[in-house]
Structures are given as structure tokens and as C-alpha cells.
Amino acid sequence: MTDASADVVCILCGTGGPFRPRGAKDGYGIEECPGCGLVQLVPTPTPETLRALYEEESYFGGEGSGYSQYESQEAEYLATFREDVRRIAEFVPTGRILEVGCGYGYFLKAALDAGYDAYGVDLSPSAVKFADERYPGRVFCGLVEEVPEIQAEKYDIIFASHLIEHVTDPAAFLNTARELLNPGGLIVMVTPNIGSLLSRVSGSRWVSFKIPEHVSYYDPRTITELLRRTSFQTTAIDSAYQYYALPFVMSRVRELLHPASRLIPPFERTRLLRDRRIRVTSGSMRVIATLK
């Protein structure tokens, strides 16, 4: 238990600390709520701290926090998001989509190519500038509740990939999403699953322990409870997969296995394999829910 654990409040159910320790990293405790089982950082980073992080120009091109190699991995992200779009189409084959946390607009391209009327919003000014140059009039900067152009419309689908784990008030986010959806609307979220096999095997080296930006870690039970509390009905929970170049995957495997990984020859750098793209799991889940 950290010194801050006694004062912490669960961001899902409101239960007060102390929480059950699950680990620690980079000055934060990773602890489990005894009431609902949600795992979250202790202390909880402030929204202001997180917003400053996302607004940094390096967020989509640096190491550590944010995304490394984001622009150079466009083909891999497009392949991943096309898979998400195909899954969405099984529930809502046409309509207007809002992506919250749209980054460079890779999902927007996949959705537009599939015939959806797609829009996006992101906190990163540099990412929005990049996306707006490709899709003018479809991408906005700020929080969802801050953007008049977003608030003035209704949507059939809201898509949020790797976003809910960044949110310090997830119920408020989902309540805002609910107000933006048409009757029968769909919300689709992709988020790390702390109950996944990869999470359990990786321990403190799990790739999704990105501190402090990931403030909470859900599993199928806790994400379903969050949706229930905000008037959504969970329809499906799938394992989420991502496409990556083989050298990128192997770099992550080597980090996980260090120092034993020094014994593994760098076969992925050979001409035959260095451009190979593979579909892998990062221990995440895709959650699909409808308005009650």
C-alpha cells in the first residue's frame, strides 16, 4: 500500500482507500479497488497534468509517454482500424461516426473508405493539424464537451480506441457520449485488459503500463460495470489485435525478456523479414455497447 492509498477514491465506484497493491512503477502505485476490482494509479494524476502531456508536440513522435514511430506505422494502424471498422459494420453498417482521440486520422480514413460519415476530435494540436490537412472540416481540437461543432451534431457510433484508460472521470466521459448518440447508438472502445494472459505473463513489464497516462486498467467485468452505470448495455467483448512490423514486435519482446533476450539473434532484421507485418495481441479488448 502506498502512502496515498488511504486517501484515494475509486474512479469507477467511489470506494475509498486503502486499496490492494498490485505493483508500482515510475513513482505511482498500481492498486486494486476492494469494492469493484478496478485497477488504477495511486495517486490519481490530475486532468491538468494529463492534458499538458497530450498537448506536447512530441506525444505522437517521442519515446516514453505517447506513441513512438506513430507516423511511420501508418500502414499498420490502417490495417488495425480496418478490422475495427469491419466489426462495427456488423452492428451499424452505415451512419455518422465520431472518433474521440483520433490522432493523425488513421481510423477516419478506414471509416471514410468504408462509406461512413466520419469525424474526429483530439487534444493534440499537432495531431489535429496533421489530420485536418488530410480531412478538412472533419477534425477538431479539444475535449468533446468543448467543441461546439461536435456538440451540435448527433452520431450513430462513437469510437474510442485506447482512450478510456486515460480518463480520470470515465462516467462523465460516457455520459457525454450518451448525449451525442442517436437512439440505439453504439459506443466502441478498445482498452488494455488487465485480466489478459499477456498482462499476467508480463507482470510489471506489460506494454500497457504506460505511466502516468494510463490511469486505470479494466477487465471485462469492470468495463461492463462502468457501462452499466452510465446506461449502456454491453453487447460484445472481443480480444483486440494490432498489426505491427516484425522488427517493432521483436523490440518489445526483447524488452520483455531482457536480459535473456540478448541470447536471441536479430533474425527480424534480415531482408526477408524486416518488412513483414504481423497481427498480434497487446492484451487489449474491444468493447461494444448500445444505449439502453
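Count residues from 1 along the sequence.
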Checklist entry - What is the distance from atom CD1 of Ile30 to atom CZ of Arg20, rounded to the nearest 0.5 Å? => result 15.5 Å

Next on the checklist: Quick check: closest heavy atoms across Cys13 and Thr15, and the distance to 0.1 Å?
Outcome noted: SG-OG1, 3.0 Å

Next on the checklist: Under a 4.0 Å threshold between the charged nitrogen and the carboxylate oxygen, would Glu74 count as salt-bridged to Arg134?
Outcome noted: yes

Checklist entry - In terms of ring plane angle, is the pair Tyr217 and Trp206 parallel, tilted or perpendicular, where the classes change at 30° and 60°? => result tilted

Checklist entry - To the nearest 0.5 Å, how far apart are OH in Tyr155 and CD1 in Ile187? => result 13.5 Å

Checklist entry - Above 12 or not: heavy atoms from other molecules or residues under 6.0 Å from NZ of Lys129? => result no

Item to check | Residue pair Val167 / Leu50, side-chain heavy-atom distance below 4.5 Å | outcome: no

Checklist entry - So, Ser199 versus Ser196: side-chain donor-acceptor pair below 3.5 Å or not? => result no

Next on the checklist: I'd like to know if the side chain of Asp117 and the backbone of Gly95 have a donor-acceptor N/O pair within less than 3.5 Å.
Outcome noted: no

Next on the checklist: If you take the centroid of each ring, where Trp contributes its six-membered ring, are Tyr104 and Phe130 closer together than 6.0 Å?
Outcome noted: yes

Item to check | Flag, side chain of Lys109 to backbone of Tyr135, donor-acceptor distance under 3.5 Å | outcome: no

Checklist outcome for this item: Closest non-hydrogen atoms of Gly142 and Arg51, given as atom of the first, atom of the second and distance, are CA-NH2, 4.4 Å

Item to check | Worked verdict on Arg86 versus Glu90 for salt bridge (charged side-chain N to carboxylate O under 4.0 Å, His left out) | outcome: CA-CA 7 Å; Arg86 286 193 294 270; Glu90 296 176 18; over 6 Å; no

Item to check | Asp219 side chain to Asn193 side chain, donor-acceptor N/O pair below 3.5 angstrom | outcome: no

Checklist entry - Would you call Arg22-Glu32 a salt bridge at under 4.0 Å N-O? => result yes

Item to check | Contact summary for Val42 and Phe19, nearest pair of heavy atoms | outcome: CG2-CD2, 4.4 Å

Checklist entry - What is the ring orientation for His214 with His166, classed by angle as parallel under 30°, tilted 30 to 60°, or perpendicular over 60°? => result perpendicular

Checklist entry - Do Gln233 and Thr290 have side-chain N/O donor and acceptor atoms under 3.5 Å apart? => result no

Checklist entry - Could you give the distance from CG (Leu226) to CZ (Phe173), rounded to the nearest 0.5 Å? => result 10.0 Å

Checklist entry - Do the side chain of Asp169 and the main chain of Ala172 share a donor and acceptor less than 3.5 angstrom apart? => result yes

Checklist entry - What's the spacing between Phe81 CZ and Gln242 CD if we round to 0.5 Å? => result 8.0 Å

Checklist entry - So Asp238 and Ile288, side-chain contact (heavy atoms from CB on, under 4.5 Å) or not? Walk me through it. => result CA-CA 8 Å; Asp238 311 324; Ile288 302 170; 4.2 Å; yes

Next on the checklist: Is it the case that the side chain of Thr234 and the backbone of Ala236 share a donor-acceptor pair, with hydrogens and angles ignored and the cut-off at 3.5 Å?
Outcome noted: no

Item to check | Under 3.5 Å: donor-acceptor pair, side chain of Arg138, backbone of Ala118 | outcome: yes

Checklist entry - Between Phe107 and Ile97, what is the shortest heavy-atom contact and its length? => result CE2-CG2, 3.8 Å

Item to check | Donor-acceptor contact present, side-chain Gln151 to main-chain Glu146, <3.5 Å | outcome: no

Item to check | Closest approach of Ser284 to Val190 (non-hydrogen atoms, all atoms of both residues) | outcome: CB-CG1, 4.3 Å

Checklist entry - Is Lys25 reaching over with its side chain to a backbone N or O of Phe209, donor-acceptor style, under 3.5 angstrom? => result yes

Next on the checklist: We want to know whether Glu83 and Tyr243 form a side-chain donor-acceptor pair, criterion being a heavy-atom distance below 3.5 angstrom.
Outcome noted: yes

Checklist entry - Is there a path of hydrophobic side-chain contacts, each under 4.5 Å between heavy atoms of I, L, V, M, F, W or Y residues, that connects Tyr241 with Val85? => result no

Item to check | side-chain hydrogen bond (donor to acceptor under 3.5 Å, both in side chains) between Glu165 and Thr191, worked out | outcome: CA-CA 7 Å; Glu165 65 271 19; Thr191 189; 2.8 Å; yes

Item to check | Atom pair OH/CG of Tyr218 and Leu227 - distance to nearest 0.5 Å | outcome: 9.0 Å

Next on the checklist: Donor-acceptor check, side chain of Glu153 to backbone of Ile150, threshold 3.5 angstrom: yes or no?
Outcome noted: no

Next on the checklist: Between Ser202 and Arg205 (side chain of the first, backbone of the second, donor and acceptor by atom type, cut-off under 3.5 Å), is there such a pair?
Outcome noted: no

Checklist entry - Short question: side chain of Asp122, backbone of Cys141 - any donor-acceptor pair under 3.5 Å? => result no

Checklist outcome for this item: Heavy-atom nearest pair, Leu12 first then Thr222, reads CD1-O, 3.4 Å

